[in-house]
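The structure appears right after this line, and notes come after that.
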Number of protein chains: 2
Amino acid sequence: MAERITSAQVAALAGVSQSAVSRVFTPGASVSKKTAEKVRHAAEQLGYRPNVLARAMITGRSRIIGLVVAYLENQFYPLALARLSRSLQERGYHILVFLAGNDAAKTAQVVDELLDYQVDAILTASVAMSNDLATRCEAAGIPVVAFNRGQDDPRLSEVTSDNLAGGRQVAEFLLAGGHRRIAHIAGWQGSSTGRDRAEGFRAGLAQAEQEPVAIMDGLYDRAVAAKAALDLVVRPDRPDAIFVGNDHMAFAVMDALRFQAMLRVPEDVSVVGYDDVPMAAWPAYDLTTNRQPLDAMVAATVDVLMARIEGDAQPHKIRLAGPLIIRGSARLPQGTQRSPAPSPTGET
Amino acid sequence: MAERITSAQVAALAGVSQSAVSRVFTPGASVSKKTAEKVRHAAEQLGYRPNVLARAMITGRSRIIGLVVAYLENQFYPLALARLSRSLQERGYHILVFLAGNDAAKTAQVVDELLDYQVDAILTASVAMSNDLATRCEAAGIPVVAFNRGQDDPRLSEVTSDNLAGGRQVAEFLLAGGHRRIAHIAGWQGSSTGRDRAEGFRAGLAQAEQEPVAIMDGLYDRAVAAKAALDLVVRPDRPDAIFVGNDHMAFAVMDALRFQAMLRVPEDVSVVGYDDVPMAAWPAYDLTTNRQPLDAMVAATVDVLMARIEGDAQPHKIRLAGPLIIRGSARLPQGTQRSPAPSPTGET
DNA sequence: CGAGATCTTGCATACGTCTGCAAAAACGAC
DNA sequence: GTCGTTTTTGCAGACGTATGCAAGATCTCG
């Protein structure tokens with residue numbers, strides 16, 4: 001129950017004014033070596049640390065980033081969360097978590113709460129924030145950055161991988177592998193990510209004057225994706241390859257194909273995913289997948305956040321390309337080899 | 001760049017004092033119906049919402065819970081995080097994330113930062129917070145609750161599953177299944193969770209006058225656990241069953257056994273895990289495992305947090321039992337059946 | 001050594017809200 | 001209508017820090 005130490009107490013002990021103490025803890029303020037020394041010593045002795053909340057009231061900077069996220073089932077998001085948090089922590093910021101519901105009313109409420117906490121910026125991940133809400137935040141002076149999702153509104157910032165190119169890359173790879181009946185179980189078509197990958201995929205096939213035998217919406221949901229896969233393989237023209245909109249669904253698709261449809265992957269059906277989460281490298285799945293460059297995306301996201309907070313009014317739209325990681329879940333084109341194993345650090 | 005609306009502006013519009021506005025937004029304060037109406041209307045019109053930070057300065061309650069977490073690779077933790085956050089959100093609290101490093105110095109720094117933000121309570125998960133640090137927080141009047149980890153210090157609160165009983169339950173199940181050379185790849189022995197499961201397991205074997213052929217520390221790490229499994233199976237007295245300290249490592253163990261040692265699970269070696277994360281139900285693993293009652297643990301954690309914040313000085317030590325979920329990764333005892341499939345909601 | 005320039009320092013105020021206190025208003029009972 | 005009781009209201013002062021301003025201290029250079 002020790003009362004919290006204030007700058008005034010430190011000032012008293014050090015024999016200086018409260019302002020002096022404040023200046024010692026404010027980078028770039030004018031203090032002499034001598035008083036700084038005295039103050040630091042007194043602060044050390046009392047265990048003083050500035051109160052972030054009080055500081056926030058004056059400066060208008062809470063050093064809190066609001067993260068809006070819908071679900072953490074897909075391993076990609078906890079991983080991103082961890083790296084984002086770590087990176088922001090190094091810069092003196094922290095993440096306040098807001099779980100969004102699926103309905104619009106709940107999302108509006110979440111935005112209200114975000115504003116209540118005076119967050120310095122809002123980061124959205126795996127969640128559809130309606131444009132008017134995002135715009136409302138920007139209007140309130142709070143920058144919004146969408147991670148792994150595009151926003152229509154040109155005033156909003158976003159960091160994604162190059163999903164169009166990624167989708168095309170997968171199409172080319174499957175065609176080169178000799179597949180001729182290729183289906184796509186897409187990410188939710190309400191998300192730019194899902195749409196772009198599908199579109200790029202379609203364009204890649206079109207280049208070879210092919211088209212997908214089917215495109216179904218997997219809604220980023222394991223059960224839906226599995227059902228779609230089973231529906232596909234009972235058709236008379238069973239696909240010989242399925243491109244799945246993300247790894248999370250791809251695992252469900254592989255499970256359904258192997259354990260329910262009793263098909264072999266890749267001998268009967270090739271499967272390709274998207275994201276390259278660590279689990280994709282596990283031998284039980286050994287999934288060929290288009291990697292999203294997570295570290296680069298996180299770095300870019302933090303850079304954009306910092307820039308916007310520092311007052312850069314320009315919205316940024318950043319798109320980072322990722323390589324196709326070739327493993328064993330899809331038949332290989334002639335002369336192609338597996339990608340080298342990842343560094344041990346990424347394996348966990 | 002719309003300036004933030006303050007209670008004073010609302011007061012001016014409503015023709016009342018700032019105090020009146022404050023009281024309208026403070027549950028339990030004395031306001032007449034009439035002025036409440038006027039104020040609400042004015043607030044609505046201006047889009048006013050109270051500033052949580054300013055409020056925190058007065059009341060000493062930030063409505064922020066600091067969550068200290070070390071890693072999110074193990075699916076159990078993101079899931080817990082999501083549920084904890086959702087539950088706290090309903091009560092008007094939010095989670096501020098702090099990623100702990102592995103070294104003690106970094107952890108001390110994290111604690112400093114926690115105090116800077118005036119968090120109302122600290123929640124630790126999957127992280128070893130040295131007792132003096134935790135005690136320091138308690139001394140500063142900030143309750144600390146450990147999720148899924150026991151604390152030696154009797155003054156600290158904790159919520160865990162009954163790991164002793166769980167370990168014993170696994171031992172009994174494997175013995176009943178006719179296994180006679182049983183090994184244990186344990187969770188990190190620096191954690192109570194890892195120790196208790198190992199101890200319960202050992203006690204369960206001892207009851208039948210058996211003892212484990214080996215106990216190795218998997219350190220909650222996939223690579224370490226896989227290596228341990230491979231070391232075990234090259235022995236002349238190859239184990240016929242391995243109890244793994246959590247699901248996260250158990251998946252690695254199964255992968256190593258199947259794809260590196262070329263053994264069949266469960267025909268050659270039975271594998272049992274601990275946690276029952278959703279992935280354990282995926283057919284690729286179909287893991288028999290001791291379930292941790294996540295929902296109950298989350299509910300208990302939130303209850304303890306609220307109680308401690310409300311001033312209940314008593315520390316709570318809560319231990320919740322979980323059932324063994326019988327699937328296909330371990331040979332079944334005579335007459336035993338698989339556990340019924342989980343509800344679809346838990347499947348994702 | 002002196003005058004001007006530069007650096008430090010303390011004072012006072014502001015940030016947006018809550019809350020104890022006392023005055024004012026409303027209420028109730030006779 | 002009066003008086004005592006309860007409710008409602010505004011005032012003013014906190015919470016802990018940052019910062020403009022002016023005065024004081026220190027430095028620089030001739």
Side-chain angles (χ1 to χ4, degrees), chain A residues 2-40 42-43 46-64 92 115-120 140-141, chain B residues 2-40 42-43 46-64 92 112-113 115-120 140-141:
Chain A
E3 283 311 306
R4 180 104 185 135
I5 308 295
T6 77
S7 57
Q9 301 177 39
V10 176
L13 178 59
V16 297
S17 74
Q18 180 270 326
S19 323
V21 177
S22 170
R23 282 190 253 261
V24 171
F25 288 91
T26 306
S30 160
V31 223
S32 72
K33 281 273 174 235
K34 201 174 50 174
T35 52
E37 195 52 43
K38 280 193 298 187
V39 168
R40 275 189 209 292
L46 295 172
Y48 168 76
R49 310 211 85 221
N51 181 329
V52 176
L53 269 39
R55 176 175 282 181
M57 288 211 49
I58 300 293
T59 61
R61 295 283 169 79
S62 61
R63 305 196 79 82
I64 295 177
L115 299 179
D116 293 351
Y117 278 93
Q118 313 285 110
V119 297
D120 287 345
Chain B
E3 282 311 304
R4 180 108 183 132
I5 306 294
T6 77
S7 57
Q9 301 178 38
V10 176
L13 178 59
V16 297
S17 75
Q18 182 270 327
S19 323
V21 177
S22 169
R23 282 190 252 262
V24 170
F25 288 91
T26 306
S30 161
V31 225
S32 72
K33 283 271 175 237
K34 203 173 48 175
T35 52
E37 194 52 43
K38 280 194 298 189
V39 168
R40 276 186 209 294
L46 294 172
Y48 168 77
R49 310 210 85 221
N51 180 329
V52 176
L53 268 38
R55 175 175 282 181
M57 288 212 51
I58 299 293
T59 62
R61 295 284 168 79
S62 60
R63 306 195 80 82
I64 295 177
D112 282 341
E113 292 175 16
L115 298 178
D116 294 352
Y117 278 94
Q118 312 286 108
V119 297
D120 287 346

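Every value quoted in this text rests on a predicted model; they were computed, and no experiment measured them. Order of the sequence lines fixes the chain letters, A, B, ..., with proteins taken first and strands second; residue numbering starts at 1 for each chain. What you see below is based on every heavy atom in this structure, not just the backbone, and it leaves out hydrogens, waters and symmetry mates.
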Heavy atoms only: give me the nearest [X]-[Y] pair and the separation to one decimal.
X        : Y         : value
Arg4(B)  : Gln9(B)   : O-NE2, 3.7 Å
Ile64(A) : Tyr117(B) : CG1-CE2, 3.7 Å
Ala43(A) : Phe25(A)  : CB-CZ, 3.9 Å

Can you list every pair that meets salt bridge (charged side-chain N to carboxylate O under 4.0 Å, His left out) and has a residue in residues 47-64 of chain A, with sequence neighbours left out?
-> Arg49(A)-Asp116(B)

5'-most to 3'-most nt of DNA chain C touching chain A (<4.0 Å, heavy-atom partner on protein side) reads dT8(C) to dG16(C)

With a 4.5 Å limit on heavy-atom distance, are the side chains of Arg23(B) and Val39(B) in contact?
-> no

Mind checking whether Val24(A) and Thr35(A) have side chains closer than 4.5 Å, heavy atoms only?
-> no

Is there a donor-acceptor pair under 3.5 Å between the side chain of Ser62(B) and the backbone N or O of Gln118(B)?
-> yes

Name the one of Val10(B), Val21(B), Val31(B) that satisfies side-chain contact (heavy atoms from CB on, under 4.5 Å) with Val16(B)?
-> Val21(B)

Spacing of [X] atom [atom1] and [Y] atom [atom2] [to the nearest 0.5 Å]:
X         : Y        : atom1 : atom2 : answer
Asp120(B) : Thr59(B) : CG    : OG1   : 8.0 Å
Lys34(B)  : Glu37(B) : NZ    : CD    : 12.0 Å
Leu53(A)  : Ile58(A) : CG    : CD1   : 12.5 Å

side-chain contact (heavy atoms from CB on, under 4.5 Å) involving Glu113(B) - partner list, sequence neighbours excluded | Gln89(A), His94(A), Phe98(B), Gln109(B)

For nucleotides 24-27 of chain D, print each protein N/O atom paired with a nucleotide N/O atom at under 3.5 Å, atom names and distance only.
none

The helix from dC1(C)-dG30(D) to dC30(C)-dG1(D): angle between end helix axes, five pairs per end, rounded to 10 degrees | 20°

Mark up nucleotides 10-22 of chain D, 5' to 3', with B wherever a protein heavy atom is under 4.0 angstrom from a base atom, S wherever such an atom reaches only the sugar-phosphate, and - elsewhere.
-> BBB-BBBBBBB--

